[in-house]
Amino acid sequence: MSLRIGDPERERAVLQLRRHLLDGRLEMEEFAERVGAAYDAQTQADLDKAMVGLPALPIEVEPSSNRRHDEADIPELDWRPTSERFRDEMTGRIVRVWVDPDDGSRHPIAE
């Protein structure tokens, strides 16, 4: 019998799926299917099915407090990556710029 899960477990799985999408392991269509399965999951076994075939990711720590004011942890589903990348002078991290097609706003996200 598999343990029942709640929203925190589902949200962690979706964050991991987004990371796999950003790393190129998933195409958008498969990502959307897996996210749907993760949100529908009632047990850990259901959630494991949404993650099948993907490598385990390190456990994320709390978001860094040294982020830029407009920087996000992960892109929203409808944001589009640009080819613009730079090294943040304050943190030394490599950052890619993503654009929100709804309003044209630009969001740097550490890679």
**Asked** Ala50 and Ala38: which non-hydrogen atoms are nearest, and at how many Å?
**Response**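 In terms of heavy atoms, the two residues are closest at CB-N, 4.0 Å.
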**Request:** Return the minimal non-hydrogen interatomic distance between Phe86 and Val97, and the atom names on each side.
**Result:**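 Distance-wise, the nearest heavy atoms are CE2-CG2, 3.7 Å.
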**Asked** Does Ile94 sit in a hydrophobic cluster with other residues, and if so which ones, taking ILVMFWY side chains as linked at heavy-atom separations under 4.5 Å, directly or through other members?
**Response**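 Its cluster partners, ordered by chain and number, are none at all.
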**Request:** Report the hydrophobic cluster partners of Val52, with the cluster defined as I, L, V, M, F, W, Y residues connected by side-chain heavy atoms closer than 4.5 angstrom, directly or transitively.
**Result:**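 Besides Val52, the hydrophobic cluster comprises nothing; the residue is isolated.
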So, taking the atom named [atom1] in [X] and the one named [atom2] in [Y], what distance separates them when rounded to the nearest 0.5 Å?
X: Leu47; Y: Leu3; atom1: CG; atom2: CG; value: 12.0 Å
X: Arg12; Y: Ile5; atom1: CZ; atom2: CD1; value: 9.5 Å
X: Leu22; Y: Trp98; atom1: CG; atom2: CH2; value: 4.5 Å
X: Trp79; Y: His107; atom1: CH2; atom2: NE2; value: 4.0 Å
X: Met51; Y: Leu54; atom1: CE; atom2: CG; value: 5.5 Å
X: Met28; Y: Leu21; atom1: CE; atom2: CG; value: 5.0 Å

**Residues which pass side chain to side chain donor-acceptor pair (under 3.5 Å) with Asp46, listed by chain and number, not counting sequence neighbours** =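 For Asp46, the residues satisfying side chain to side chain donor-acceptor pair (under 3.5 Å) (neighbours in sequence not counted) are Thr43.
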**Item:** Partner residues of Glu76 under the side chain to side chain donor-acceptor pair (under 3.5 Å) criterion, sequence neighbours left out
**Value:**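 Checked Glu76 against side chain to side chain donor-acceptor pair (under 3.5 Å); zero matches.
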**Asked** According to the salt bridge (Lys or Arg N to Asp or Glu O under 4.0 Å) rule, which pairs have a member within residues 32-41, sequence neighbours left out?
**Response**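 Non-adjacent pairs meeting salt bridge (Lys or Arg N to Asp or Glu O under 4.0 Å): Glu30-Arg34.
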**Message:** Side chains of Ile109 and Val95, heavy atoms from C-beta outward: is any pair under 4.5 Å?
**Reply:**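 They are not in side-chain contact.
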**Request:** State which residues pass salt bridge (Lys or Arg N to Asp or Glu O under 4.0 Å) with Arg4; sequence neighbours excluded, sorted by chain then number.
**Result:**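 Salt bridge (Lys or Arg N to Asp or Glu O under 4.0 Å) list for Arg4, sorted by chain: empty.
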Side-chain donor/acceptor of [X] to backbone N/O of [Y], under 3.5 Å:
X: Asp100; Y: Asp102; result: yes
X: His20; Y: Leu15; result: no
X: Arg10; Y: Ala41; result: yes
X: Glu9; Y: Gly6; result: yes

